[in-house]
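So the structure is just underneath, and the comments pick up after that.
All values below come from the heavy atoms of this structure, side chains included, with hydrogens, waters and symmetry mates left out.
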Amino acid sequence: MEEKVTKLVKWLQEKVKEAGLNGAIVGVSGGIDSAVVAHLIKRAFPDNSLGLIMPCKSSEKDAESALEVINSCDINYMVVDLSQTHEIMFSAIENELKEKGTWNEEAARLGDANTRARLRMTTLYAVANNFGYLVVGTDNAAEWHTGYFTKFGDGGVDLVPLVHLTKGEVREMAKYLGVPNSIITKPPSAGLWEGQTDENEMGTTYTMIDKYLKGEEIPVEDKEIIERLHKRSEHKRQLAYAPPKF
């Protein structure tokens, strides 16, 4: 684990240097993945790293967890509350669609959640631009393979240092880095709505996804779910599609 951390820290330094920039920024949610990234960029850029906490109609517990992460790695941080911004924006969209008679109530919750993720990424890039930083993402191998991220939201980043690590490996790295145990053991959640958890939403567990990615045998129903999620989310792992030259 020490070797992996050392290599990731060096890689982050190299990528920022290649870009001709100064450091790195990450959105800190209070979850384990962003906690690990916060620790990594603090090691890579002790004086040029930033954790950005972005409440957006989210729970106070999430903000408390995010501050726990900040304190555990002693990274510089800022808080930008996006709740009012989201309310104004999404209400304007909702009102216009209702006026046209095209509002889809069933799609509203996901649209609301994805808008929050994209507002957060917009905010990250605005702050990154101010400091000359690269935006570092938090997606691990399980999330990347299943497409469990918002396109142009938390998936819209410059660097993805955890993309080859299973959720279990992220957990082990978190222990090595000194991430608080309360963060390591909490149920993974994007905090998109009350009671939401990653595993309930995906229909399978990170343990099963990790085993699948390692080539181990898992129940057929889990395998089918994982492969369906992967196929359905292929577009998220690609740049915008272009037609061939005619």
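Put simply, the side chain of Asp112 never gets that close to the backbone of Ala108: no donor and acceptor are under 3.5 Å apart. Put simply, the side chain of Thr146 never gets that close to the backbone of Ile226: no donor and acceptor are under 3.5 Å apart. Checking side-chain atoms of Lys236 against main-chain N and O of Gly147 turns up a donor-acceptor pair under 3.5 Å. A donor-acceptor contact shorter than 3.5 Å is absent between the side chain of Asp222 and the backbone of Ile218. No side-chain donor-acceptor contact under 3.5 Å links Asp81 to the backbone of Met54. Checked by atom type and distance alone, the side chain of Arg118 pairs as donor or acceptor with a backbone atom of Lys151 at under 3.5 Å. A distance-only check finds a donor-acceptor pair linking the side chain of Asp154 to the backbone of Thr150 [under 3.5 Å]. Judged by distance alone, with hydrogens and angles left aside, the side-chain atoms of Thr6 form no donor-acceptor pair with the main-chain N or O of Lys4 at under 3.5 Å.
Between Lys57 and Leu82, the closest side-chain pair of non-hydrogen atoms is not below 4.5 Å. Trp144 has its side chain out of reach of His164: every pair of non-hydrogen atoms, C-beta onward, lies at least 4.5 Å apart. The closest side-chain heavy-atom distance from Val136 to Pro161 is below 4.5 Å. Taking the side chain as every heavy atom from C-beta outward, Tyr77 and Ile53 approach each other to under 4.5 Å. Residues Pro219 and Met208 form a side-chain contact, since some pair of their non-hydrogen atoms from C-beta on lies under 4.5 Å apart. Between Leu52 and Val28 the shortest side-chain heavy-atom distance does not fall below 4.5 Å.
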Test side chain to side chain contact (heavy atoms under 4.5 Å, CB included) applied to Leu124 and Arg120, step by step: CA-CA 6 Å; Leu124 274 167; Arg120 286 181 172 127; 5.5 Å; no
Candidate pair Leu134 and Ile25, rule side chain to side chain contact (heavy atoms under 4.5 Å, CB included), full reasoning: CA-CA 6 Å; Leu134 285 182; Ile25 184 172; over 6 Å; no
Worked verdict on Val135 versus Met121 for side chain to side chain contact (heavy atoms under 4.5 Å, CB included): CA-CA 9 Å; Val135 176; Met121 200 50 58; 3.9 Å; yes
Side chain to side chain contact (heavy atoms under 4.5 Å, CB included) between Glu96 and Trp103, intermediate numbers included: CA-CA 8 Å; Glu96 183 65 20; Trp103 173 251; over 6 Å; no
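Of the inter-residue distances, the one linking Leu165 atom CG with Leu8 atom CG reads 6.5 Å to the nearest 0.5 angstrom. Between the CD atom in Gln84 and the SG atom in Cys56 there is a gap of 11.0 Å [rounded to 0.5 Å]. Leu177 CG to Ile32 CD1: the interatomic distance, rounded to the nearest 0.5 Å, is 10.0 Å.
For the residue pair Arg237 and Phe149, the shortest heavy atom distance occurs at CG-CZ, 4.4 Å. Nearest heavy atoms, Leu50 versus Tyr133: CB-CE1, 4.0 Å. Closest of all the heavy-atom pairs between Leu40 and Leu162 is CD1-CD2, 4.1 Å. Nearest approach of Ser65 to Lys186, heavy atoms of both residues: OG-NZ, 3.4 Å. Nearest heavy-atom pair, Met202 versus Leu229, reported as atom, atom and distance to 0.1 Å: O-CD1, 3.9 Å. Taking every heavy atom of both residues into account, Ala35 and Val179 meet most closely at CB-CG1, 3.8 Å.
Using a cutoff of 4.0 Å between basic side-chain nitrogens and carboxylate oxygens, Lys175 and Glu172 are scored as salt-bridged. Of the charged side-chain nitrogens involved, at least one lies within less than 4.0 Å of a carboxylate oxygen, so that Glu18 and Lys15 count as a salt-bridged pair. One finds no salt bridge joining Lys231 and Glu227 here, because no Lys/Arg side-chain nitrogen approaches an Asp/Glu carboxylate oxygen to under 4.0 Å. One finds a salt bridge joining Lys7 and Glu3 here, because a Lys/Arg side-chain nitrogen approaches an Asp/Glu carboxylate oxygen to under 4.0 Å.
Every residue two or more places apart in sequence or in another chain was checked for a side chain to side chain donor-acceptor pair (under 3.5 Å) with Thr123, and none qualifies.
Taken together through direct or relayed side-chain contacts under 4.5 Å among Ile, Leu, Val, Met, Phe, Trp and Tyr, Ile93 and Phe152 form parts of separate hydrophobic clusters. Val170 and Val37 fall within the same hydrophobic cluster, where Ile, Leu, Val, Met, Phe, Trp and Tyr residues are linked whenever their side-chain heavy atoms come under 4.5 Å apart, directly or through other members. Phe131 and Val80 fall within the same hydrophobic cluster, defined by Ile, Leu, Val, Met, Phe, Trp and Tyr side-chain heavy atoms under 4.5 Å apart, directly or through other members.
One side chain, Ser29 or Ser34, offers a donor N or O that lies under 3.5 Å from an acceptor on the other. Between the side chains of Ser72 and His39, at least one donor N or O lies within less than 3.5 Å of an accepting N or O. No side-chain donor-acceptor contact under 3.5 Å links Gln13 and Trp11. At a cut-off of 3.5 Å, with distance as the only test, no side-chain donor of Asn140 or Tyr148 sits close to an acceptor on the other residue. In the model, Glu199 has no side-chain atom that pairs as donor or acceptor with a side-chain atom of Thr204 under 3.5 Å.
The aromatic rings of His230 and His145 sit parallel to each other, their planes meeting at less than 30°, with 60° as the upper class boundary.
Within a 6.0 Å radius of CD in Glu234, more than 12 heavy atoms belonging to other residues, nucleotides or ligands are found. Counting non-hydrogen atoms of neighbouring residues, nucleotides and ligands closer than 6.0 angstrom, the NZ atom of Lys167 exceeds 12 such neighbours.
A side-chain contact (heavy atoms from CB on, under 4.5 Å) with Arg171 holds for exactly one of Thr166, Thr185, Ile184, Asp210; it is Ile184.
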